[in-house]
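Read through the structure below, which is laid out as structure tokens, and then see the notes.
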Amino acid sequence: MSSNKVGDYYIIDVMFKYDLPSDPHSLYCKVHTDHSDKKELPDGKTLFVAGLPFYMKKESVTGIFNSLGAISYLHISKSLGGLNLKVSTKSSKDPYFSILLPNSDGFIYAYVVFVNEISLECIEELSRNSIESPISCTIVKQIGINSWIEEYKDERPEIEQLQTQVKRFMTKYDARRQTEENTVKKRRNIPDEDGWITVTGKNNKKVPKHNLSKIRLRKVTKKKKKNELLHFYKFQMREEKRDNILQLQKKFDEDKKKITAMKLQRKFKPL
Amino acid sequence: MDLTKSRPKLDDFLKTLNQYISSLPATKPKHILELYSKNNKSIPPFPQDVCPSMSGDWDIFHYSAPSSIKLIGSYILQLQVKPKSNIDLAIELPLECYTRRDYLDYRWALKNALYLSHLATQITKWDSILSVHFFYLNNNTLKPAIVLRAKNHPKIDIRLLPHPPNELFKLTKLLPYENCVRHNLDSLSSPNPTPLYNNSLLSTLFYEQHLHSIFTAMELCPAIRDAVLLVKEWLRRRNLEDGWGGFSGFLGTMLLTYLLSCRNVSNGMSEFQIFRVFILTLASSNWTEEPISLFPEGQEPPIDPGSFTPFYPVTFVDTSGYVNLAGDLSLAQYSRVRHEAQISLSQLDSSRAFDLLFHTCVPFLDSFDCVIRIEELHSILSHIKDTVTTGEVPEIGSQLLPTVIYRMLKILEKGLGDKVRIISHTALYYDPWGIDTHPPVVPHPDQLSLGFIYTGSEMFSGQIIGPPLSDPVSVVFSELWGDKVEMRRFPDGAVCPVVVWPCSNPSESRIIPFLITRHLLATHMGVCPDKVTFPGMQLDQLLHISDQSSIGPEIPLSTGETSSSRVQDLFGELTQKLFALKHLPLRISSVQGTHAVFRGCHVFPPSLAPSGRALLALKSEGDDPSFLLPNADLSTPRYTPALTAVLNLAISGKWPDELEAIWRVKTAFYLELYHQLKKQLILSLPTRFFLDVFFHGFVFRFQVSYFREVQYLQNYPGPLDLTVQLNARASELLFETKTLPTYTARVHGLILKYSSLSAAIRLTKRWIHSQMFSTLIPDVIIEMLVLYVYLNSELFTSPGHHVTAFLRFLSLLSLHSWETEPIIINPSNQISEEDIKEIRIQFPKLRHTLPPLFLVSPWDKESKITASTPSLPVLNRLTILARQTYKYLSSFLIPQIGSTPLVDIKALFRPPLNDFDVIIRIRLKFAPRALYAVDPLVVPPVQESKQRKVMNMPVVEFDPVEKFVKELRSRFEKIALFFVDEWGGREVGVVWQPSYQLTDRFRVNQCGGKRYKQDSQLMDVNLHSVLNDFRMIGGDMIEDIISNSK
């Protein structure tokens, strides 16, 4: 095994604003192989990179890897399970959802797709060079106090703007409700093909049932566990089990000690 | 103390000791003065300040072997309680040592002292003795004795107690009303009785008889033995038997024999039943006026027990009818014992009775609301010595201490009146001293701490009004208060003398008893006011914003209650304005404050925003309001909190049924409110989620609550990770809009009930924040724990001063076993008995699924609030810190022997920075709350543009330090824990997670912040890269990063 490799991963050392050449950041990258034939990440052309600090943006990642060759596509993901690329839903655009803070981790992952397959073959050389002299990297993303001031500003939009936004949404909403109601109304007295008339009550507001979300939540916790890829290989399972047993034994010994200690220092001893 | 193993050996030793002492040769008779002044190896243990006249026929003394040496006390009765282990030997001096008139003028005491001094010198020569010291039995200066330790039994005190032969003196000469100290009386004045002197001599004569009466009692009723042990343990846990004037275990034992003799205890009773009777008797006793006697019924006593009462504070006559067993008991100690008994009585039937009565320590400091220290006791003693006359208590020669304390208490009782329920004092000791040194003149330490328990929890009034001038009693009043008295005419025409104390805020009101004490002691006892201090008062400076120039510690600082109520008043005013708004789409049905300031629990209630003195912010309707923005290049503007409140609207069916639409409708409502308030020239700023209103310099933040929003949040269709977040938001919203308003109202009510609660909560919060636990332990949890201290003061009365509450909070933290006991807060019994029982039963079964700190309250029965915070490591650290702080704080309030006194009280509020792996220090200009810090620094004021017509909304809730830590926590929670003090801390403490520090094989999901090590082929930590990541976030804010490398 060569010095710049751990498992399948090549190590690339990079330097940021405050780093010294002696203590660089390490990135770990590997040729991406995916069995689920995703068009965006073709096998043999895609490089998977882990251990990127969160403040790296597309520009910075490109800055490191374009020495290998032209990059056709770059995807940055906040979690390991970020393979499902289509995450943009309507809620992500709604400013009101900003109240939900995304789980932001300090380290992110990237998929770099090159135009040519040859680019991937040069990765080993890049890695070796970087270990001798780390690649220095510049950051354009706003972080720290500037980003907090930005947030503060975003939280307080112009009043007129806010007003028009709300008005526009509400008129749209009302219009949609109106059409919905109208369709219901229309259907009310018209028999369908079989001659039946659907009887609909007045539009009573129904709050969705509670248990639905609970089931979903349970699924989520399960899925979360799955995503962590801890019990993937057999040896992982084996080690996990062994660790467990060892830990149990350790705990048992500790408990025994604790109990004897507790017995020794019984509080009430008048005699 | 289990002496059964060493008993045979000890018995052997005692036998040889007996033989050794008996075989000591007699000395030649010599004149007493010669013996006394001779520069012996051993100085007779006799108080120097008393000098009996050396005339008459009694002045020849010689040593000869004692006529008898007998084992007495708890060793022979096997009633010893750990950790004290005394073996008492009564040494009867031979008849020829005394003359028949030696009961007069300290002669017997002097002879005892000479005898002891000879005995001591002889014993030191014996090689199996480790040490020989003198001491005063029961800290009574007339009862010197020897305490020695054997080489083979170095932990056991063997005490030799000398006494004259029983039949030597005529006992009737020693009755309480007799005078036995005559030498310095002029013939004209009538001799004063010397009851304490008489009793000191008498009590030494009856050692054996007392032993006998206990022995017979134990024969009669075997359970008495265990009951004695219980009583002794009960006394010991409360430190009641310690020092001068204490309620000794012997007295407790005698009380049990009394109960048996008057058939309150029957032979078949169990020890716990006997103990119950003991507590009951003690609690309802009044030995000051209704003395009890062990003298057998049916016989004629030498003197009626009732005739003891004028001479002693407390009376309990023994079997002989002569001795007052409680003669050494001080009135203060007696009232404290009675008070403790009353409290224990109420706990006898609780499920934790045994734990509470015999396991839990009740320290002096925790029990009293106000502990005042009087320094330089010896100067008071000498002052009293000069002025001693026939007074309230009979003069008793060298025994000045009882006189001083008796007087002091009597004066204070008069002055404090109904403000104080119990007055007591700490134990005073005369330490044992070496046989070649002079006996101590003043007790050690040379200071006294007085403890007061306040009568109610309300504020004291600052006025004491005396009887009208026409009443002759008013002279007494004026005499008592001295130069403090002012004359005032009252509306009904009466002119009364009045004493006025400063009482503008609760913190001043709470120290009125202290001011009274200081004044009275100065007026009547000649105590210099500087020597009377109330150390607890110094904690007030931690609740005081030192904006102004420094103020001396003697002046009570405002502790912020008044500014809290000011904000609350303004909020009320604003609420009225909101209610008065017309043409709103929906009527506002109620406004509920949720911010801590609305329940008086905010550590530093906000003061005016710097630019906000103007009553109305807008000059005219047409003005366009704007808001200020923080600027990264300038220093951060002063911190303005948003005082949150919830707006409840009238119920309406017109709410939309989609989450997005509900949110917009709320925003529309904020916009509408904004327009309406603008017409009234009130500046406000609507945003998507709230409306900030700038009113009289404060920023109030209103949020509309719609009860169905929670349900819509929980059931929003969308991707799964969104659902998770929405659900989290839903429970947050439920807490903010439902739990918090009711909770705030409840706590506000309790604060009105307990006047010290607000200060107690804020002091406690201050301490926890100062230990850098901000947000790791949510404020509401701290508040609830302090509430618990107030509502569940099982062994105490509810705290009357915030320092006492803080101490009890600390001991709760350090002693509570979180693993086995849930904390149940139950104001006005809102949780039913059955529910509590159910919780207690279920708790151990479900323990592993419950959070480390389990807190049940009427508004949160499942302890949801503690579900994620505090974590177990945080709780453990808190416990350790609490234990240490308690130790130091108590030694600050009452200096303890052998511990280094704390000079600066603020030291308890400075976190130990070297516990952290890394410290990140923030520049002062980015710490807007630095002026609140324990060691405050003044932030240079922000340059504001002067030419502004319209008032702007200040920067609200913007603290870069807080944002920095928040970001660090969310980014690096797997790598490290972050600690900060939000009240002005400029240091961020970092502790690496143990799981991060492990060197491990490569894992894709854990490779951040790690580095591959070639030699071990494992992943090792890469601290430098992580620290540089911190630096990237902090940027200019960071002054320094210091790692404490180990």
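Scope of the values below: all heavy atoms of this structure, side chains included, with no hydrogens, waters or symmetry mates. A note on names: the letters A, B, ... follow the listed sequences, proteins ahead of strands, and every chain is numbered from 1.
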- Item | Interchain contact, B:Leu79 with chain A, by part (heavy-atom threshold 4.5 Å) |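 Contact with chain A is absent: no heavy atom of B:Leu79 under 4.5 Å.
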
- Where does B:Asp1036 contact chain A at under 4.5 Å (heavy atoms): side chain, backbone, both or neither?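 Looking at B:Asp1036, nothing touches chain A.
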
- Chi angles and distances behind the side-chain contact (heavy atoms from CB on, under 4.5 Å) call for B:Ile1033, A:Tyr55: CA-CA 9 Å; B:Ile1033 301 177; A:Tyr55 42 80; 5.5 Å; no

Option in [options] with maximal non-hydrogen atom pairs under 4.5 Å from chain B:
| options | value |
| --- | --- |
| A:Asp174, A:Leu27, A:Leu52, A:Ile143 | A:Ile143 |
| A:Gln165, A:Lys17, A:Gln163, A:Lys30 | A:Gln163 |
| A:Gly51, A:Pro53, A:Pro24, A:Ser26 | A:Pro24 |

I need the residue from [options] with the largest number of non-hydrogen atom pairs under 4.5 Å to chain A.
| options | value |
| --- | --- |
| B:Phe926, B:Phe689, B:Phe972, B:Phe690 | B:Phe689 |
| B:Gly1034, B:Ala668, B:Gly1009 | B:Gly1009 |
| B:Glu967, B:Glu957, B:Lys232, B:Glu732 | B:Glu967 |

- Query: Can the ring centroids of B:Phe1002 and A:Tyr28 be said to lie less than 6.0 angstrom from one another?
  - Reply: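 Yes; A:Tyr28 has its ring centre under 6.0 Å from that of B:Phe1002.
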
Can you measure from [atom1] ([X]) to [atom2] ([Y]) and round to the nearest 0.5 angstrom?
| X | Y | atom1 | atom2 | result |
| --- | --- | --- | --- | --- |
| A:Ile145 | B:Phe964 | CD1 | CZ | 11.0 Å |
| B:Met1037 | A:Trp148 | CE | CH2 | 4.5 Å |
| B:Met1032 | A:Phe54 | CE | CZ | 8.0 Å |
| A:Lys167 | B:Thr667 | NZ | OG1 | 14.0 Å |

Heavy-atom cut-off 4.5 Å, strictly under: side chain, backbone, both or neither for [X] against chain B?
| X | answer |
| --- | --- |
| A:Asp13 | side chain |
| A:Glu239 | side chain |
| A:Arg168 | neither |

- Message: Taking 4.5 Å as the heavy-atom cut-off, does anything in residues 1023-1030 of chain B contact chain A, and if so which residues?
- Response: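 Checking residues 1023-1030 of chain B against chain A gives B:His1024, B:Ser1025, B:Asn1028, B:Asp1029.
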
What donor-acceptor contacts under 3.5 angstrom involve side-chain atoms of residues 150-159 of chain A, with partners at least two apart or in another chain?
residue, atom, partner, partner atom, Å
A:Tyr152, OH, B:Val956, N, 2.8
A:Arg156, NH1, A:Tyr152, O, 3.4

- Are the charged groups of B:Glu660 and A:Lys172 less than 4.0 angstrom apart, N to O?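 Salt bridge: no.
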
- Would you call A:Asp23-B:Arg1011 a salt bridge at under 4.0 Å N-O?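 Judged by the 4.0 Å cut-off on N to carboxylate O distance, A:Asp23 and B:Arg1011 do not form a salt bridge.
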
- Item | B:Arg664 NZ/CZ over A:Tyr173 ring centroid, <6.0 Å and within 45° of normal |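 The answer is no; the distance or angle limit is not met.
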
- Task: List in chain and number order the residues that pass ring-ring contact (aromatic ring centres under 6.0 Å, His included) with A:Tyr109, two or more places apart in sequence or in another chain; answer none if no residue qualifies.
- Result: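 A:Tyr109: no ring-ring contact (aromatic ring centres under 6.0 Å, His included) contacts found.
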
- Task: Tell me, please, which residues at least two apart from A:Tyr18 pass ring-ring contact (aromatic ring centres under 6.0 Å, His included).
- Result: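 Result, ring-ring contact (aromatic ring centres under 6.0 Å, His included) vs A:Tyr18: none returned.
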
- Item | Heavy-atom check, side chain of B:Tyr1012 versus side chain of A:Ile131, under 4.5 Å |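 Counting from C-beta outward, B:Tyr1012 and A:Ile131 never come under 4.5 Å.
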
- A:Val166 versus B:Leu671, closest heavy-atom pair with distance: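 Closest pair (atom of A:Val166, atom of B:Leu671, distance): CG2-CD1, 4.5 Å.
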
